[in-house]
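Computed from heavy atoms alone, side chains included, the values below leave out hydrogens, waters and symmetry copies. In this text, all values refer to a predicted model and were calculated from it rather than measured experimentally.
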Amino acid sequence: AAQWLPSIAAVVNSGKVVVAAAGNSNSIGSMMAPACLSPVISVGGSYACRFEPGKGGGKPTCVNGAPTANLDARWTNDPSSPALEGSNVSAITSVFAPAGPYIHVPTPFFNPASAGTSWATPIVAGCAAMARQLSAPLSTNQFKGRLQFTNAMIEVGKSAYPRLNCQQALSALSGVV
C-alpha cells in the first residue's frame, strides 16, 4: 500500500478527493489498498433493498420498492454460495453505500445480478462531486465529515459506520433540504 501514497497525496494536495472500494473479501478488520489509506474516502457496501426470507428454505429475494428495513446491514453474499463474498470493513471505513444486488443487462464480465463495493463506490463519488459543486473547496477530511452526516448506521459487530445519505450530506452543505 505504501507505493500508492505518493500518488494519492499528490491528488489530495491538488484539492481533489480520492474515493475507493473497501473490497469484497468479507473481511472484518481490513480493507484492500488504496481504501486502507487515510487520505482516501473508503466505501463499504450495504444492501440496496429489503430482503425477504426465502420460502421453504429458499434463498432470500430482493423486494423492489419495499421499505428499507435491511438497508442498514453490511452486504454479504448468500452464505450457501461457494464464493464467500461480502464488504470488507475496518476501523477506518469512511462510509457505506448500496452495493447491490443490481439487476442489469448481462455482459461477459457481469452476471445479470451483481453486487459489491465497486457498485457502491460510484454512488459516493457522485455525491462527493455534487458536494464539491455546492461548497467552497473542502479538505478530504471535511468531505468525509459531510458524507458521514447521516442518521443511518451500519452495525458490524460492536462498531457502527455511517450509511451514505446524499440528500442529508448536501443539505448540510447548502442549508436546503
Side-chain angles (χ1 to χ4, degrees), residues 1-49 68 70-76 85-102 104 114-177:
Q3 71 270 19
W4 294 75
L5 279 173
S7 298
I8 290 172
V11 170
V12 169
N13 290 338
S14 73
K16 295 176 180 61
V17 175
V18 178
V19 181
N24 303 318
S25 303
N26 207 28
S27 174
I28 297 176
S30 66
M31 290 186 294
M32 58 186 258
C36 63
L37 303 171
S38 65
V40 173
I41 295 175
S42 55
V43 182
S46 65
Y47 285 103
C49 62
T68 58
N70 289 73
L71 283 173
D72 299 330
R74 182 177 70 97
W75 167 75
T76 56
E85 298 174 327
S87 176
N88 294 350
V89 61
S90 78
I92 62 168
T93 302
S94 304
V95 67
F96 275 73
Y102 292 104
H104 54 85
S114 298
T117 57
S118 292
W119 291 95
T121 302
I123 296 169
V124 174
C127 187
M130 288 188 288
R132 168 79 66 191
Q133 294 298 313
L134 286 175
S135 66
L138 299 173
S139 70
T140 296
N141 284 336
Q142 289 171 318
F143 263 116
K144 280 184 190 180
R146 299 309 189 279
L147 295 176
Q148 292 169 335
F149 186 80
T150 181
N151 58 7
M153 302 299 281
I154 304 291
E155 291 185 17
V156 181
K158 294 181 180 181
S159 299
Y161 302 87
R163 178 173 52 81
L164 180 68
N165 183 322
C166 195
Q167 181 179 1
Q168 284 182 341
L170 297 177
S171 294
L173 288 170
S174 68
V176 177
V177 176

List the atom of [X], the atom of [Y], and the distance in Å for their closest heavy-atom pair.
{"X": "S94", "Y": "P162", "result": "O-CG, 3.4 Å"}
{"X": "S30", "Y": "S90", "result": "N-CB, 3.8 Å"}
{"X": "G45", "Y": "S87", "result": "N-OG, 2.8 Å"}
{"X": "M32", "Y": "A21", "result": "CG-O, 4.0 Å"}
{"X": "R132", "Y": "K16", "result": "NH2-CA, 3.9 Å"}
{"X": "G44", "Y": "A120", "result": "O-CB, 3.9 Å"}

What distance separates [X] [atom1] from [Y] [atom2], expressed to the nearest 0.5 Å?
{"X": "S171", "Y": "R146", "atom1": "OG", "atom2": "CZ", "value": "12.5 Å"}
{"X": "I8", "Y": "N13", "atom1": "CD1", "atom2": "CG", "value": "11.5 Å"}
{"X": "L5", "Y": "L37", "atom1": "CG", "atom2": "CG", "value": "5.0 Å"}
{"X": "M153", "Y": "Q148", "atom1": "CE", "atom2": "CD", "value": "8.5 Å"}

Point to revise | I41 and its side-chain contact (heavy atoms from CB on, under 4.5 Å) partner, picked from T121, T140, N141, V18 | key: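 Exactly one option meets the side-chain contact (heavy atoms from CB on, under 4.5 Å) with I41, and it is T140.
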Check your understanding: Can you find a heavy atom in the side chain of P98 that is under 4.5 Å from one in the side chain of I123?
Key ->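 Answer yes - side chains close enough.
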Using only atom types and a distance under 3.5 Å, with no angle test, would you say the side chain of [X] pairs donor to acceptor with the backbone of [Y]?
{"X": "T117", "Y": "G23", "answer": "yes"}
{"X": "N88", "Y": "N26", "answer": "yes"}
{"X": "S14", "Y": "V11", "answer": "yes"}
{"X": "S42", "Y": "I92", "answer": "yes"}

Practice item. Report the residues that fulfil side-chain hydrogen bond (donor to acceptor under 3.5 Å, both in side chains) with T93, sequence neighbours left out, ordered by chain and then residue number. Key: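 Testing T93 for side-chain hydrogen bond (donor to acceptor under 3.5 Å, both in side chains), a comparison that skips the adjacent residues, returns none.
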Exercise for review: Only pairs at least two apart or in different chains count here, so list each ring pair (Phe, Tyr, Trp, His ring centres under 6.0 Å) that has a residue in residues 150-173.
Suggested key: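 Listed by first then second residue: F96-Y161.
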Practice item. Could you list the residues that satisfy disulfide (SG to SG under 2.5 Å) with C127, not counting sequence neighbours? Key: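 Listed in chain order: C166.
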